[in-house]
Amino acid sequence: MKNTVFTLLAAGALATIAFDTFGQALSPLLGYSKLAPVGLAGATLKTVFGANPSGAAYLLHSLTGLVFYVVGYFAIARPVQRAVLPQLHWSLTAAVYGVALWVFALYGMAHLVAGMKPFLGFTGITWVALWGHVVYALVAAAVLETRGVVMELPARREIALG
């Protein structure tokens with residue numbers, strides 16, 4: 001259990017660094033949009049709580065990457081994939097999970113919660129965010145898979161009637 005928690009935190013940390021490096025450094029260096037995940041977190045906090053205290057948005061972004069998103073892959077995406085399509089390579093599961101994170105962030109949080117245009121109006125930042133979330137998921141999954149940290153869904157139990 002202790003190793004699993006450490007591995008989850010390490011995977012989340014490395015994936016968040018990859019996401020931020022891609023979205024805030026590499027993408028602009030290549031002439032594309034720069035991501036502003038802390039800005040989105042701040043807008044979300046302002047909408048939900050009516051305030052965005054100094055540092056809170058950065059903390060929310062960090063915790064989301066460090067803990068919540070990686071736990072989603074570990075506890076939901078990979079176990080479901082292993083139960084439904086066990087032969088599918090983990091990298092495909094991770095890529096699909098990255099797209100799901102993108103939908104969650106840019107439609108769920110940005111649009112439904114913070115009131116911004118759906119997918120931020122499908123501008124340049126939209127596509128950088130898509131690739132950033134896929135990069136995040138691939139890095140997090142690679143760490144978990146390399147360390148052999150997997151979670152299985154409970155076995156289905158047949159109920160005998162009669």
Side-chain angles (χ1 to χ4, degrees), residues 1-24 26-27 35-38 40-41 43-45 47-48 57-120 122 125-162:
M1 178 65 168
K2 183 177 172 183
N3 286 337
T4 299
V5 170
F6 174 78
T7 302
L8 285 167
L9 290 172
L14 291 171
T16 300
I17 290 168
F19 175 86
D20 285 341
T21 300
F22 172 78
Q24 296 179 47
L26 296 177
S27 178
L35 292 184
V38 175
L40 174 56
T44 300
L45 289 169
T47 300
V48 172
Y58 188 83
L59 181 62
L60 178 58
H61 167 63
S62 297
L63 286 175
T64 298
L66 201 68
V67 178
F68 301 123
Y69 279 4
V70 74
V71 167
Y73 176 83
F74 169 75
I76 300 168
R78 188 67 161 123
V80 167
Q81 174 263 306
R82 288 170 64 96
V84 176
L85 292 168
Q87 70 281 7
L88 192 67
H89 193 268
W90 64 263
S91 63
L92 294 175
T93 303
V96 170
Y97 182 64
V99 173
L101 293 177
W102 174 70
V103 171
F104 171 77
L106 270 66
Y107 187 79
M109 299 310 292
H111 176 60
L112 296 178
V113 175
M116 299 173 186
K117 290 182 181 178
F119 296 95
L120 304 176
F122 290 97
I125 199 169
T126 304
W127 308 113
V128 174
L130 171 60
W131 284 107
H133 284 90
V134 170
V135 165
Y136 172 93
L138 286 168
V139 169
V143 172
L144 296 178
E145 298 296 330
T146 300
R147 299 281 298 156
V149 175
V150 294
M151 182 176 185
E152 300 286 341
L153 289 177
R156 257 177 52 182
R157 295 183 185 175
E158 300 295 327
I159 298 174
L161 299 176

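For the single chain, residues carry numbers from 1 onward in sequence order. Just so we're clear, the structure is a prediction, and the values are computed from it rather than from any experiment.
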Just jot down the side-chain contact (heavy atoms from CB on, under 4.5 Å) partners of H89, sequence neighbours excluded, or say none.
-> S91

Please name all residues satisfying side-chain contact (heavy atoms from CB on, under 4.5 Å) with V96, sequence neighbours left out, ordered by chain then number.
-> none

Over all atoms of both residues, closest heavy-atom pair of G72 and Y97 | CA-OH, 3.2 Å

Pair F74-T4, side-chain contact (heavy atoms from CB on, under 4.5 Å): steps then yes or no | CA-CA 10 Å; F74 169 75; T4 299; 3.9 Å; yes

May I ask you to check whether over 12 heavy atoms, not counting those of F122, lie within 6.0 Å of atom CZ?
-> yes

What are the two closest non-hydrogen atoms of L138 and A94, and how far apart are they?
-> CD2-CB, 3.8 Å

Taking only residues at least two apart or on different chains, which pairs with a member in residues 84-96 satisfy salt bridge (Lys or Arg N to Asp or Glu O under 4.0 Å)?
-> none

Side chain H61, main chain A57, donor-acceptor under 3.5 Å | no

side-chain contact (heavy atoms from CB on, under 4.5 Å) between F19 and V135, intermediate numbers included = CA-CA 6 Å; F19 175 86; V135 165; 5.8 Å; no

Which of parallel (below 30°), tilted (30 to 60°) and perpendicular (above 60°) describes F104 and Y69?
-> perpendicular

Look only at the side chain of W102 and the backbone of F119, and say whether a donor-acceptor pair between them is shorter than 3.5 Å.
-> no

Partner set under side-chain contact (heavy atoms from CB on, under 4.5 Å) for M116, not counting sequence neighbours = L40, A43, A110, A114, L120

Of all heavy-atom pairs linking A36 and I125, the shortest is N-CD1, 4.2 Å

Counterpart residues, side-chain hydrogen bond (donor to acceptor under 3.5 Å, both in side chains), relative to Q81 (two or more places apart) | R78, T93

Measure across T16 and L66 and return the closest heavy-atom pair with its distance rounded to 0.1 Å.
-> OG1-N, 3.6 Å

side-chain contact (heavy atoms from CB on, under 4.5 Å) filter on L14, not counting sequence neighbours, yields V139, V143

Are the side chains of S27 and L35 in touch, meaning some heavy atoms are under 4.5 Å apart?
-> no

For D20 and P37 the tightest heavy-atom approach is OD1-CG, 3.9 Å

Distance in Å, L106 CG paired with L112 CG, rounded so as to fall on 0.5 Å steps = 11.5 Å

Does Y136 use its side chain to pair, donor to acceptor, with the backbone of V70 at less than 3.5 Å?
-> yes

